[in-house]
S.K.: 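Got a structure here, written out as structure tokens. Questions coming.
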Amino acid sequence: MTPIVLTTGDMLVAAALIAIGSALSFLLSLGLQRVLLVSAVRMAVKLALVGSVLLFVFGHASVWLTIGLLAFMFTAAAREAGSRQQVRLGLWWHFGIAGASTVTGTVIVVLIGLLTGLQPHPWYVARTAIPLTGLLLGNVMNATSLSMNTLLSAITRERQAIEARIILGATRAQAMNGLIRQAIRTALLPTLNQMAAAGIITMPGIMTGQILAGMNPLAASRYQVLLMSLIVSGNLIGATAAAYLAAWRLTDSRGRLRLERLLPRLQKG
């Protein structure tokens with residue numbers, strides 16, 4: 001079975017659906033029509049650019065092009081992972097922890113996927129390495145961001161309780177372990193929900209895309225299982241690293257809580 005190739009007419013149907021949605025927003029006074037149209041145009045332009053870049057990279061089969069594109073993706077993900085928190089560490093520490101956690105979680109599971117289940121030849125071939133990295137990177141980035149946001153907000157909110165535990169003899173790890181565990185659980189919740197719903201409530205996007213591309217449904221389900229395993233593992237690594245590194249940064253060698261290391265404008269409230 002050959003892949004289904006979408007035509008210009010199919011793209012016009014997609015555009016018409018967006019236009020209908022905008023019209024409904026206007027008629028119902030939702031105020032979403034401008035956002036919907038702008039978002040749709042930006043999405044189409046960005047995806048077209050990404051497709052063009054990937055077509056160029058795949059066509060040249062250069063390891064340096066692959067590395068360069070992956071480095072750009074990691075840099076953008078590090079910025080995004082650290083830009084959504086309500087409470088933040090100092091600039092370099094904040095984005096450094098977010099970036100290091102995201103990259104670490106992603107690289108580990110990408111290498112596992114490339115060297116075991118997928119095994120492309122060579123293992124770093126762009127057609128496999130870049131899409132796999134992009135899929136896992138986005139998920140790990142979200143988990144890292146959720147973990148940091150939950151922990152930093154909780155530490156700020158529970159400052160007095162943490163300091164009381166430390167005064168009573170608890171180490172910094174003991175004083176914050178409950179908050180760290182909660183941050184990691186919160187970061188993994190969307191992925192666990194997705195895994196629980198897969199195959200019963202919803203058909204995952206990876207499996208759906210492969211079936212539409214002509215792959216045998218059973219083979220597509222095996223890919224989905226492998227990729228979901230990589231996703232949850234990468235998310236766990238990234239969320240855990242982010243939580244422990246953030247907690248470490250907010251304490252010193254004497255076990256004292258150091259909230260002055262948060263950005264001044266975000267310490268209040």
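The analysis underlying the following values was restricted to heavy atoms, covering all of them including side chains, and did not include hydrogens, waters or symmetry mates. Everything numeric in this text was worked out from a predicted model, so none of it was measured.
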S.K.: Is it true that, when you exclude Q160 itself, more than 12 heavy atoms of the residues, nucleotides or ligands shown sit nearer than 6.0 Å to its CD?
M.R.: no
S.K.: Answer yes or no: does atom CZ of F72 have more than 12 heavy-atom neighbours from other residues, nucleotides or ligands under 6.0 Å?
M.R.: no
S.K.: Looking at L152 and A246, what are the two nearest heavy atoms and their distance?
M.R.: CD2-CB, 4.2 Å
S.K.: Hydrophobic cluster membership, with links at side-chain heavy-atom distances under 4.5 Å among I/L/V/M/F/W/Y: are M141 and L70 in one?
M.R.: no
S.K.: What closest approach, in Å, do I180 and A243 show between heavy atoms, and which atom pair accounts for it?
M.R.: CG2-CB, 3.9 Å
S.K.: Could you state the interatomic distance from CG (L24) to CD1 (I20), rounded to the nearest 0.5 Å?
M.R.: 7.5 Å
S.K.: In the single-linkage hydrophobic clustering (I, L, V, M, F, W, Y; side-chain heavy atoms under 4.5 Å), do I67 and L65 co-cluster?
M.R.: yes
S.K.: For residues 226-233, run the donor-acceptor check on the side chains, cut-off 3.5 Å, and write out each pair with its distance to 0.1 Å, sequence neighbours left out.
M.R.:
from, atom 1, to, atom 2, distance (Å)
S229, OG, V225, O, 2.8
S233, OG, S229, O, 2.8

S.K.: Hydrophobic clustering (ILVMFWY, side-chain heavy atoms < 4.5 Å, transitive) - are F26 and L30 grouped together?
M.R.: no
S.K.: Within the 4.5 Å heavy-atom criterion, are S101 and L245 side-chain neighbours or not?
M.R.: yes
S.K.: Within this structure, what is the OG1-CG distance for the pair T156 and L179, rounded to the nearest 0.5 Å?
M.R.: 10.5 Å
S.K.: For the backbone of I18 and the side chain of S22, can you confirm whether one donor and one acceptor N or O come within less than 3.5 Å of each other?
M.R.: yes
S.K.: Table please: side-chain donor-acceptor pairs of residues 34-56 below 3.5 Å, with sequence neighbours left out.
M.R.:
from, atom 1, to, atom 2, distance (Å)
S39, OG, V35, O, 2.7
S52, OG, A48, O, 2.9

S.K.: Can you see which heavy atom on A98 is nearest to which on A78, and at what distance?
M.R.: CB-O, 4.2 Å
S.K.: I'd like to know if the side chain of S221 reaches the main chain of L218, judged simply by a donor and an acceptor atom lying under 3.5 Å from each other, with no hydrogens or angles considered.
M.R.: yes
S.K.: G31 and S25: which non-hydrogen atoms are nearest, and at how many Å?
M.R.: N-OG, 3.6 Å
S.K.: More than 12 non-hydrogen atoms from neighbouring residues, nucleotides or ligands closer than 6.0 Å to CZ on F74, yes or no?
M.R.: yes
S.K.: Among side-chain atoms of D10 and T7, is any donor-acceptor pair under 3.5 angstrom?
M.R.: yes
S.K.: Kindly give the heavy-atom pair with the smallest separation between P120 and L114, and that separation in Å.
M.R.: CD-O, 3.4 Å
S.K.: To check you understand the geometry: which heavy-atom pair defines the closest contact between L151 and A247, and what is its length?
M.R.: CD2-N, 3.9 Å
S.K.: Check whether L111 and V63 end up in the same hydrophobic cluster, where Ile, Leu, Val, Met, Phe, Trp and Tyr are linked by side-chain heavy atoms less than 4.5 Å apart.
M.R.: yes
S.K.: Could you tell me whether R185 atom CZ has more than 12 heavy atoms of other residues or ligands within 6.0 Å of it?
M.R.: yes
S.K.: If you group Ile, Leu, Val, Met, Phe, Trp and Tyr by side-chain heavy-atom gaps below 4.5 Å, do W93 and M176 land in one group?
M.R.: yes
S.K.: Roughly how far apart are T102 OG1 and I97 CD1, rounded to 0.5 Å?
M.R.: 11.5 Å
S.K.: Can you tell me how far CD1 of I184 sits from OG1 of T240, rounded to the nearest 0.5 angstrom?
M.R.: 3.5 Å
S.K.: Any sub-3.5 Å donor-acceptor pair from T150's side-chain atoms to A183's backbone N or O?
M.R.: no
S.K.: Distance check, rounded to the nearest 0.5 Å: T186 atom OG1 versus R181 atom CZ?
M.R.: 12.5 Å
S.K.: Using a 3.5 Å cut-off and no angle test, enumerate the donor-acceptor pairs between side-chain atoms of residues 128-139 and protein atoms at least two apart in sequence or in another chain.
M.R.:
from, atom 1, to, atom 2, distance (Å)
T133, OG1, A129, O, 2.6
N139, ND2, L135, O, 2.8

S.K.: Atom CD in Q224, atom CE in M195: separation rounded to 0.5 Å?
M.R.: 10.0 Å
